[in-house]
Each structure stands twice: as structure tokens, then as C-alpha cells.
There are 2 protein chains.
Amino acid sequence: MIQSVDRAVRVLSALQGSRRMTLSELAAALGLPASTVHGIVKTLVGHGMVVQERGSSRYMLGPRVLLLGNVYLDTLELRSRTAPWAGELARRTGYAVRTGVLLIDEIVIIHHEPRPDGSRQMPEVGIVIPAHASALGKAITAFSAQAQKAVGEAAPLRSMTGETLTDLAALEAQWEEVAATGVAAEAEEAVLGECALASPIFDAFDGVVGAIGVVIPSTAWPVEPPVREALRETARAISRELGAPTWPGPRIA
Amino acid sequence: MIQSVDRAVRVLSALQGSRRMTLSELAAALGLPASTVHGIVKTLVGHGMVVQERGSSRYMLGPRVLLLGNVYLDTLELRSRTAPWAGELARRTGYAVRTGVLLIDEIVIIHHEPRPDGSRQMPEVGIVIPAHASALGKAITAFSAQAQKAVGEAAPLRSMTGETLTDLAALEAQWEEVAATGVAAEAEEAVLGECALASPIFDAFDGVVGAIGVVIPSTAWPVEPPVREALRETARAISRELGAPTWPGPRIA
DNA sequence: GTCACACGTTCGACATTATCGAATGTTCGT
DNA sequence: ACGAACATTCGATAATGTCGAACGTGTGAC
């Protein structure tokens, strides 16, 4: 692992957390001398990955990261294959549908199909949720030892609401259940008033690549079996389209 | 400028162009030994900035760049301030409205307000257009010497359609005109069938920070004066909200 | 209005660190 | 089963990034 590149990514991560930072704040956050950080930041600025805010001499992320993010979405076969199915699922169930992938120990939303009731909803593509506090996260983690390790190492599990599972053993028990049924659940563990159901998606190379799920208001929870069935069917159909021989697929390293 | 960080960004840029690349392709693209590139790529992979495609051993951008892009949009005051005005402008004119910022010598779209006719339209946030072939680009470049330099250095100007201006002198003449009127135009110079009008946005620190514009079908071109007036008014109003003392603002370094 | 502080920035010597070529392992196609 | 192309690992070299100190600049206090 190359030191300076690693540090550069750390700079971006710091800016991702605390939107706008001075050079000294960045240096303190990384535990490095200001001059060292300056060299890195200056390089990133040169490429538009970071910009210094006009006037205030604070640094923030630059337009180039937006561009990269957009290209990522375009490149992702999972997303293009999933989109039509997500629309169909939203129509059939009446709930919003999300598709996500794993990033270390968090879930990144790569597609969001709004509730079909026509109300104005925030676009949620690009947001992250801890893997241990979301149905999408549980669905993926249950089938990936690597993800389980990452979640375990991130302990103690951060509590988001009073309902968040913070006990690793309890979480591991849920993984077992998810691995058996192919459906993961979450009730107000990430956001109050919001529950969710999710199922893993597999590809031709025999492993989870993501998960798809529905977002359900607490008032409609627990949900009727047909929704659960529709979700399973959708995840299975997408996996088949991606070339997965079985569903659910095997648990991988 | 730190060499290895610079190279890391170049790797990301290469992947941005040719979506999926093998290590050798990357090495060839950067003109470096494979082992050198490997170290960089491995570091990026460790942070989820890059992922190796399952099976094929090709590399592509990772979920982390999406996350960063999303945070960038959230951080941007220009975007949040502009959004309501963009909606208003779209309603008044009946055309789609775009807001963009400059990235070296290209325009990155940071907000897209669809045509109010209710038709399904592609979300265009995150796409890029060469600054010399777009109204947004001309609007910004006319007021920034740095941008003009970048465009000049990128010459020869890439032709997108038969109408694209590829002569730098002709472009410079347009900049003069835009600087005087505060409105830039473009007729099928980027995409056939599409014309555009755009005006620069200034902030409290006396310089362009972005531009807002309307997208107009060729069939409605040239457009009636009221649209032009509405656009100027909108750009002026946003600039005032951002603290700009005058509109148009001064041309900056 | 002046002072003083804090911050970003530049510079140069040092040694840590990235780099590169060769060797190894792995995967693919024949 | 073989060969070739590719990704990956390893280790010696010196080029490179790193760090502390000095400089410049802008900001807030008195």
C-alpha cells in the first residue's frame, strides 16, 4: 500500500465527513505535519478533486469527484440490469425500492425507485448506511465472510436509533437466518419510522454483488407475505439475468 | 505536485474514460511499468475507490467515488441556492434548466431541472461538456482568464458536431460579446438538435462560480427575447443571493 | 490604526519510500 | 496438457516524499 496515495484518499475521506476543512484541521485529522498535507492537497486541487473555497481558505471536495461518481453509475452493470426490475417491484408493492452495494462495512445506494404514489421524494442515490443497521446490509453480509469480518472489525456497532442492533452475536444470528431464507429485515434500526426488507443479488461468479429491498413505513409493518414473495422473486430474477446458477447463491470468502 | 498522488488520480481519470481496463492497459495508458501501477491500483482498491471486476480481472471505478460525488453535491452552496430558481425558470420558460461549474476546461452539470412538460428525461447531473462547445462554458469562460488559458491549452478544440467552434479566435470574439451582454449562446455545437442560452453566476468574492442556462430544441431557435430576459434576471438574482455586489461581475484572473 | 497571532505556504536537507526490472504465480486459450 | 499472456510479488536502488523551520499573509483584538 503506497503511503502518499493512501494519505490522499484519507484526505478525501476526511472532507467527506466534515464537509469544509482548513489545512490545519486536515493535518490534525490525519495526524500529520501541515506541510505534508499541503503537498497532497495541492496535488488534488490541481486535478479538481478538491477545491479551496473562495475567500475562506477552506478546502472541500471538487467537481471531479462528481464526474467520477457519475461514470461509476454508468459503468455498473448491476445498476442497469436492476433498474427495470426495481420499477416493476415498486409498482407491484407500492413501496420505494433501493438497490445497494457494499463498501467495506457500509451500504452505498446505487439506485432509488421512488414510491409510486407520486409524492416528491429526495433522490437517495449515493447515500450510505451502516451495513449492520440496514436490511440491504444484512442481506449482503449474510453471504460474504469478508463483509462479516469488516463489520466485526468496525465494532462497537454504532447505534443509530434505539432499535439498532449493537450486539455482534445477535447480528450473527440474524445472518444465519438470512442465509437460510434469502430475505433480511430491519425495523427502525437506521431511521425512526422506516422499516425495510431486502434480498441479495448474485452473479455468474458465485457471490453476492449487491442487494435490492423495499422501504416500508412503520405504520405498515409487519408487511403482508406477498411483498416478501415479490421481493424474493425480483432478486432471483435479477440474479438469473446476471448469470447466477442458483438463488440464493453460496456464502463466499 | 506529489508524483504518486498525481499518478493515482491519472489512474482514476483513465478508468473514467475507458470504463473497464486491465492492469496492462492502465500501465500502457500511463506509460509506466505494470508493477508501479499495480501498487497504486491496489491502494485505491483498498479504499473502494477502484474495484476489480469479478472474474475478468479488469479494474473499474468503485462505490466510494459515488459517495464522494454525492457529498460534493450536498456541500455545494451554489447548488442549494440555485435549485429553487432553476425550478422557477423552468416553469416560466418551459425549457429544461441546467446549472454547471467549471472543471479545468470542461463543464460539469451540478443541477438539472427537467422540462416541465412531464416527459421522462434522463437525469444529467454529473455529465461533462467541453467548455468551448456549451453556452454554460462560454458564460463562465468569458469571465475567467484562468479558464480561457485552460481552454487555449487544450487546443486544438475538439469538434462535437459540424457546428462546433474549433477556431480559438472565433471563440475569443464570442467571449468578448458574452462579457458585454452577460448571456452566452450555443446552437447545436455540442449536440445536434439542441441549442442553449446561459448566464454566469457570481459570488461575494467577485468572480464567476458557475452558470445557469436553458436548453432549447433547435425547432424553437432562435428564442424570443423574454426567455433571454428571464435568464438574465435569474442569474442576477442568484448572484445577489450569493452576495455578489454587481452583475455581471468583473473578469477575474 | 497598530499589533500580534494564527494560518497557509514555501524551502531545503535527510532518509524513508516509491519505483522499476526480474522472477514467480495464475489464468486463459489452444 | 501445454504455452502464452497476464497479474502479482520481491528486492536493490536512488529518486522521491517527508518534515521542521522560516516566510508571508490575512484576521481579530485592543
Side-chain angles (χ1 to χ4, degrees), chain A residues 1-15 18-62 146 203-207 243 245 252-253, chain B residues 1-15 18-62 146 203-207 243 245 252-253:
Chain A
M1 187 158 283
I2 293 172
Q3 192 185 53
S4 54
V5 174
D6 182 66
R7 289 172 169 181
V9 178
R10 286 203 149 81
V11 166
L12 295 176
S13 299
L15 288 172
S18 333
R19 310 293 159 89
R20 299 150 192 275
M21 301 175 85
T22 65
L23 186 65
S24 344
E25 284 169 349
L26 271 171
L30 305 207
L32 292 172
S35 55
T36 303
V37 178
H38 182 254
I40 294 167
V41 170
K42 203 177 144 192
T43 306
L44 291 173
V45 168
H47 286 281
M49 300 280 295
V50 168
V51 292
Q52 47 193 337
E53 203 176 28
R54 305 168 51 70
S56 78
S57 84
R58 296 182 104 88
Y59 291 95
M60 51 177 275
L61 294 174
Q146 193 186 330
D203 74 359
F205 306 100
D206 263 17
I252 54 167
Chain B
M1 187 160 283
I2 293 173
Q3 191 185 55
S4 55
V5 174
D6 182 67
R7 288 173 171 181
V9 179
R10 287 206 149 80
V11 167
L12 295 175
S13 300
L15 288 171
S18 333
R19 310 293 159 91
R20 300 148 190 276
M21 302 176 84
T22 66
L23 186 63
S24 342
E25 285 168 349
L26 271 171
L30 306 206
L32 292 171
S35 55
T36 302
V37 177
H38 181 253
I40 294 167
V41 170
K42 202 178 145 192
T43 306
L44 292 173
V45 168
H47 287 279
M49 299 280 296
V50 167
V51 292
Q52 48 192 335
E53 203 176 28
R54 306 169 49 69
S56 77
S57 85
R58 297 182 103 90
Y59 291 95
M60 52 178 273
L61 293 173
Q146 194 185 328
D203 73 359
F205 306 100
D206 263 17
I252 55 168

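Numbers restart at 1 for each chain; the letters A, B, ... are given by sequence-line order, proteins then strands. Since this is a predicted model, take the numbers as computed values, not measurements.
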Using a heavy-atom cut-off of under 4.0 Å over every strand shown, decide if A/Glu25 touches base, sugar-phosphate, or nothing.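 It contacts nothing in the nucleic acid.
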
Answer whether the closest heavy-atom distance between the side chains of [X] and [Y] falls below 4.5 Å.
| X | Y | value |
| --- | --- | --- |
| A/Val9 | B/Thr43 | no |
| A/Arg10 | A/Ile40 | no |
| A/Asp6 | B/His47 | yes |
| A/Arg58 | A/Arg19 | no |

Spacing between [X] atom [atom1] and [N] atom [atom2], to the nearest angstrom:
| X | N | atom1 | atom2 | value |
| --- | --- | --- | --- | --- |
| B/Phe205 | D/dG26 | CZ | C1' | 13 Å |
| A/Leu26 | C/dC7 | CG | P | 13 Å |
| A/Gln52 | C/dC7 | CD | P | 16 Å |
| A/Leu23 | D/dG26 | CG | C1' | 15 Å |

Check the interface with nucleotides 3-5 of chain D: list each N/O to N/O pair with the protein under 3.5 Å, or write none.
none

Which pair of non-hydrogen atoms, one from B/Ala29 and one from B/Met21, has the smallest distance, and what is that distance?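 Distance-wise, the nearest heavy atoms are CB-CE, 4.1 Å.
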
Measure across B/Leu15 and B/Tyr59 and return the closest heavy-atom pair with its distance rounded to 0.1 Å.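 Answer, listing the atom of B/Leu15 first, then B/Tyr59: CD2-O, 3.3 Å.
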
So how far is it from A/Arg7 CZ to A/Leu12 CG, rounded to the nearest 0.5 Å?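 Going from CZ on A/Arg7 over to CG on A/Leu12, the span is 14.5 Å.
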
Any chance you could measure B/Leu23, atom CG, to B/Glu25, atom CD, to the nearest 0.5 Å?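 Rounded to the nearest 0.5 Å, the CG-CD separation comes out at 9.5 Å.
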
Under a 4.0 Å heavy-atom criterion, the protein footprint on nucleotides 9-19 of chain D, written with B, S and -, is B------SSSB

For nucleotides 24-29 of chain C, which of its nitrogen or oxygen atoms have a protein nitrogen or oxygen under 3.5 Å away, and what is each distance?
none

Can you tell me if the side-chain N/O atoms of B/Tyr59 get under 4.0 Å from OP1 or OP2 in D/dT8?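 For D/dT8, OP1/OP2 do have a side-chain N/O of B/Tyr59 under 4.0 Å.
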
